Protein chains: 2
Amino acid sequence: MSDLLERLRGRGWRMTAQRRVVAEVLEGDHVHLTADEVHARAVVRLPEISRATVYNTLGELVSLGEVLEVATDKRAKRYDPNAHRPHHHLVCARCGAIKDVHPGGNPLADLPDSERFGFTVSDVEVTYRGVCPTCAAA
Amino acid sequence: MSDLLERLRGRGWRMTAQRRVVAEVLEGDHVHLTADEVHARAVVRLPEISRATVYNTLGELVSLGEVLEVATDKRAKRYDPNAHRPHHHLVCARCGAIKDVHPGGNPLADLPDSERFGFTVSDVEVTYRGVCPTCAAA
DNA sequence: AATTGACTTAGACAATGTCTATTGTAGGAT
DNA sequence: ATCCTACAATAGACATTGTCTAAGTCAATT
Ligand SMILES: [Mn+2]
Ligand SMILES: [Mn+2]
Ligand SMILES: [Zn+2]
Ligand SMILES: [Zn+2]
């Protein structure tokens, strides 16, 4: 039984086969799948699971703070189970490969008050872009 | 005649009424419109312009480096004509308002070699999120 | 085992983006 | 000024991603 499922049970989640499978697909901290990729993998274990349930479950996991939504590419949202250690992303512009990175520095502190326009700034998302070794070789 | 149109003409662009209107809609450096917002504004001046042409023209402007594609919200891409002064974005999580910001520091330098996984890193996109003064008051 | 409200499902619908076949035209050639 | 043609625009089909609803199902409590 994964940590994630334990926490969800503790939060009063009704445990269903569908939710279990979605959580299992997200196991491992270095996964960044789209909703339909999650669905495709879930169907292997539970053929009758629907797209709607996958979308619903992912949305709930995001609301609970157990999974992050990231916009590394400009198409589908990606779902990141590594929600408990802050990090950013490095994306290959050619193949879309995504790596978790932990830069030094504090980008939030780098935004002076004069550049905040009265906003209450709470979060910063950093996406590095480049070309991965595999794509550079090819 | 705008700088943008001058540069495009210089690059051998065939000048059409449609391209002129799209460029005019993007005039001003602090605009961050979706493709369909560009289309809606273009239609006011040129009622018969098609969605396909707006998408095509925006895509060409991006290829030419005259306009940036930004993914500040997780829905439609936004098109940013402020391509010649590097900057980042501050987004209101409630209403979606977008501000250009120029943080201090150099996020690219903050990514050590040990966190680059052999990538050739060429670019970094920073999105600050918070609540704007208007939304905070309401 | 019965109950019940939360959960799942299929598929319609919506929003965004892409592609193709056809028609139109900008700009150079004559 | 007119013609020519490669490039551009159009309508609308299609694709992808995401949301919603009505009806059926089931997990957890009793
Ligand atoms: Mn991650
Ligand atoms: Mn901008
Ligand atoms: Zn790559
Ligand atoms: Zn706001």
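FYI, side chains are in, hydrogens and waters are out, and symmetry mates aren't considered; it's all heavy atoms of this structure. Reminder, nothing fancy here: chain letters follow the sequence lines and each chain counts from 1. All of these numbers come straight from a predicted model, not from anything done at the bench.
- With no hydrogens or angles considered, a side-chain donor-acceptor pair links B:Asp100 and B:His32 at under 3.5 Å.
- In this structure, B:Arg19 places its CZ atom 10 Å from C1' of C:dA26, rounding to the nearest Å.
- The backbone N or O of A:Pro107 sits less than 3.5 Å from a side-chain atom of B:Tyr128, completing a donor-acceptor pair.
- Judged by atom type and distance alone, A:Arg14 reaches the base of C:dA6 through a side-chain donor-acceptor pair under 3.5 Å.
- Counting to the nearest Å, the P atom of D:dG18 and the CD atom of A:Glu37 are 11 Å from each other.
- Within residues 38-60 of chain B, the residues having any heavy atom under 4.0 Å from DNA chain C are, by residue number, B:Arg51, B:Ala52, B:Tyr55.
- Look at CG on B:Asp73: it is 15 Å from C1' on C:dG17, rounded to the nearest Å.
- Open room surrounds CZ on B:Arg41; 12 or fewer heavy atoms of other groups in view lie less than 6.0 Å from it.
- A:Phe119 approaches B:Cys92 most closely through the heavy-atom pair CE2-N, 3.6 Å.
- Per the geometry, CZ belonging to A:Arg9 stands 15 Å off C1' belonging to D:dT29, to the nearest Å.
- Contact detail for A:His89 and A:Ile98: the closest heavy-atom pair is CD2-CG2, 3.7 Å.
- Classified by interplanar angle (parallel below 30°, tilted 30° to 60°, perpendicular above 60°), the ring pair A:His87/A:His102 is tilted.
- Taking the nucleotide of DNA chain C with the nearest heavy atom to each of A:Ala17 and B:Tyr79, the more 5' of the two is matched to A:Ala17.
- The listed nucleotides are D:dT10, C:dA26, D:dT17; the one nearest the side chain of A:Ala76 is D:dT17.
- For the OP1/OP2 pair of C:dA6 and a distance below 4.0 Å, the side-chain nitrogens and oxygens of A:Thr16 include no atom meeting the criterion.
- Map B:Arg78 and B:Met15 each onto its nearest nucleotide of DNA chain C; the residue landing nearer the 5' end is B:Arg78.
- When rounded to the nearest whole Å, the span between CD of A:Glu69 and P of D:dT17 equals 15 Å.
- Atom C1' of nucleotide D:dA27 and atom CD of A:Gln18 are separated by 11 Å, given to the nearest angstrom.
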